[in-house]
Amino acid sequence: MRKAVLVTGASSGVGLALCKRLLEEDHELHLCLACRNRSKAEAVRAALLASHPLAEVSIVQVDVSDLQSVFRASQELRQRFQRLDYVYLNAGIMPNPQLNIKALFSGLFSRKVIHMFSTAEGLLTQEDQITADGLQEVFETNVFGHFILIQELAPLLCHSDSPSQLIWTSSRNARKSNFCLEDIQHSRGQEPYSSSKYAVDLLSVAVNRNFNSRVWLFHQKPESLNPLTKYLSATTGFGSNYVMTQKYPEEEILGNSIMDLDEDTAEKFYQNLLELEKHVRATIQKRNHQS
């Protein structure tokens, strides 16, 4: 039986590279491309099938910044699949950064000048927008849309005989200093991308614990894994690719972000998302009823 894999944001960038790699590892996968732009996804599907004719490649149209789109796509996936073996939560956006001149000049005369220039933390700001759902766009796209997708696809994931795996695309730009439990959407901040990626790290820890209470999401037993480990892709100066791990707690080295996570904060964030989910579901139901 073919393994079924769902990849969001599969038509370009990391998502497309991931799809190619998955088919190189197993050319008989059923790979489902979850993409916003259907025509672009069709072109990617044709190219993947040309390279891997034994694979089965399908498409589901979904925009994770639009909850109605997430609900429609989830219903379609539940009708088409009996289970999903792997779900890669990869789709995301990063607003164009703008140089913060004030931060630049103040940073030049601070002790954090090396850290500032090596990471650009504080130097670059981003302008976020509000979606039709009334949420911050970066938060909804990178975090909440995927959270709702997981909730909706839970029947396809919870199979104790052969566990599923959820894999998040995070970033080395995920920083605790840019995240606040009292402002999870980062509506009052200027670095929504960094905040959203730290939120993804928190959510991956919380989902790991809450879903594993019902069924394993990994090949290994949950107690044999450290959920506070992050896997980073890196490249040497000579162009060789490798994978490194980042664990908590860890010393901060050369200004790199650390896995500054704790399960209590992760659980509080998870509960906040559950409350937000109740609110938006009620709002959408009311809107649909009125229309």
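Heavy atoms only: backbone and side chains are in, while hydrogens, waters and symmetry mates are out. Throughout, residue positions are numbered sequentially from 1 according to the sequence presented.
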Using the rule given for side-chain contact (heavy atoms from CB on, under 4.5 Å), can you reason through Val205 versus Asp262, listing the C-alpha separation, both sets of side-chain angles and the distance that settles it, and then say yes or no? CA-CA 9 Å; Val205 171; Asp262 68 85; over 6 Å; no

Taking all atoms of both residues into account, what is the closest heavy-atom pair of [X] and [Y], and its distance?
X: Asp183; Y: Gly189; result: OD2-N, 4.2 Å
X: Glu182; Y: Arg188; result: O-NH2, 3.7 Å
X: Ala132; Y: Arg287; result: O-NH2, 4.1 Å
X: His27; Y: His52; result: CB-ND1, 4.2 Å
X: Leu157; Y: Ser164; result: O-OG, 3.0 Å
X: Cys32; Y: Val60; result: SG-CG1, 3.7 Å

Open item on the list: Is there a side-chain contact (heavy atoms from CB on, under 4.5 Å) between Asp26 and Leu29? Walk through the geometry before answering.
Closed with: CA-CA 6 Å; Asp26 184 350; Leu29 284 177; 3.5 Å; yes

If two hydrophobic side chains count as joined below 4.5 Å and joins carry through other members, does [X] share a cluster with [Y]?
X: Leu135; Y: Ile284; value: yes
X: Phe269; Y: Val280; value: yes
X: Leu274; Y: Leu181; value: yes
X: Val138; Y: Val64; value: no
X: Val143; Y: Val14; value: no

Does any non-hydrogen side-chain atom of [Y] lie less than 4.5 Å from one of [X]?
X: Leu22; Y: Leu31; result: yes
X: Phe179; Y: Leu202; result: yes
X: Asn90; Y: Ile167; result: no
X: His30; Y: Ser58; result: yes
X: Glu277; Y: Gln151; result: yes
X: Leu77; Y: Val62; result: no
X: Val5; Y: Val7; result: yes
X: Val207; Y: Tyr270; result: yes

Partner of Ser11 under side-chain contact (heavy atoms from CB on, under 4.5 Å), picked from Ile59, Val44, Asn37, is Val44

Between [atom1] on residue [X] and [atom2] on residue [Y], distance to nearest 0.5 Å:
X: Ile148; Y: Leu153; atom1: CD1; atom2: CG; answer: 11.0 Å
X: Ser74; Y: Leu67; atom1: OG; atom2: CG; answer: 10.0 Å
X: Ile184; Y: Glu275; atom1: CD1; atom2: CD; answer: 10.5 Å
X: Leu156; Y: Leu6; atom1: CG; atom2: CG; answer: 9.5 Å
X: Asp63; Y: Ser65; atom1: CG; atom2: OG; answer: 3.5 Å
X: Asn142; Y: Leu203; atom1: CG; atom2: CG; answer: 12.0 Å

Which label fits Phe144 and Phe139: parallel for a plane angle under 30°, tilted from 30 to 60°, or perpendicular past 60°?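 Parallel.
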
- Query: Hey, what's the ring geometry for His146 with Trp168, parallel, tilted or perpendicular (30° and 60° as the breaks)?
  - Reply: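 Plane angle over 60°, so perpendicular.
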
Practice prompt. Provide the full list of side-chain hydrogen bond (donor to acceptor under 3.5 Å, both in side chains) pairs with a residue in residues 40-51, sequence neighbours left out, each pair given once.
Written response: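 Those involving residues 40-51 do not exist here.
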
State, without any angle test, whether Glu267 and Asn210 hold a side-chain donor-acceptor pair at a distance under 3.5 Å.
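Their side chains do contain a donor-acceptor pair, which is all the 3.5 Å distance test asks for.
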
With no hydrogens and no angle check, is any side-chain donor or acceptor of [X] less than 3.5 Å from a backbone partner on [Y]?
X: Asp85; Y: Ala4; value: yes
X: Arg2; Y: Glu28; value: yes
X: Ser194; Y: Asn173; value: yes
X: Thr141; Y: Glu137; value: yes

Side chain to side chain contact (heavy atoms under 4.5 Å, CB included) filter on Arg72, not counting sequence neighbours, yields Gln68, Ser69

In short, salt bridge (Lys or Arg N to Asp or Glu O under 4.0 Å) pairs touching residues 140-152 with sequence neighbours left out are Arg78-Glu152, Glu152-Arg281

Run the ring-centre check on Tyr193 versus His186 and record whether the distance is less than 6.0 Å.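 When the ring centroids of Tyr193 and His186 are compared, they turn out to be at least 6.0 Å apart.
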
*Does the pair Leu166 and Tyr86 meet the rule for a side-chain contact (heavy atoms from CB on, under 4.5 Å), with working shown?*
CA-CA 6 Å; Leu166 302 178; Tyr86 303 92; over 6 Å; no

Under a 4.0 Å N-O cut-off, is there an ion pair linking Asp201 with Lys197? no

Notebook entry, point to check: Passes salt bridge (Lys or Arg N to Asp or Glu O under 4.0 Å), Lys20 versus Glu24? Steps please.
Noted result: CA-CA 6 Å; Lys20 292 177 179 178; Glu24 288 173 3; over 6 Å; no

